[in-house]
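What you see is a predicted model, and the numbers here were worked out from it, not measured in a lab.
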Amino acid sequence: MSRTHSLTYYTNLTMNVYRVCLYIFDTYYKGGPVRQIGISLSNVAPDDVLQLDLFQDNEKQRNLG
């Protein structure tokens, strides 16, 4: 079984990726045993490239994750 989720925005913040992983897990986990979980990222940008968001404290988010 494979589940995917694509973001509608660019990010290189660990916490954003973590939240998506939790969302997928919480959405599809049915309580049985888990044999394997894998995470794959694509279309990533270097850490020195950052898309700014006027409504978020990006520096604080980078320090947290």
**Prompt:** Is the shortest heavy-atom distance from the side chain of Arg19 to the side chain of Asn16 under 4.5 Å?
**Reply:** yes

List, one per line, each side-chain donor-acceptor pair under 3.5 Å for residues 29-36, sequence neighbours excluded.
unit_1, atom_1, unit_2, atom_2, d
Tyr29, OH, Gly31, O, 3.3
Tyr29, OH, Gly32, O, 2.9

**Asked** Where is the tightest heavy-atom contact between Thr4 and Ile24, given as atom of each residue plus distance?
**Response** C-CD1, 4.4 Å

**Pairing residues for Tyr23 by the ring pair (Phe, Tyr, Trp, His ring centres under 6.0 Å) criterion, not counting sequence neighbours** = His5

**Prompt:** According to a 4.5 Å side-chain heavy-atom criterion applied to Ile, Leu, Val, Met, Phe, Trp and Tyr, with indirect links allowed, do Phe25 and Ile39 form part of one hydrophobic cluster?
**Reply:** no

**Asked** Looking at CD1 of Ile37 and CZ of Arg3, how far apart are the two atoms once the value is rounded to the nearest 0.5 Å?
**Response** 13.0 Å

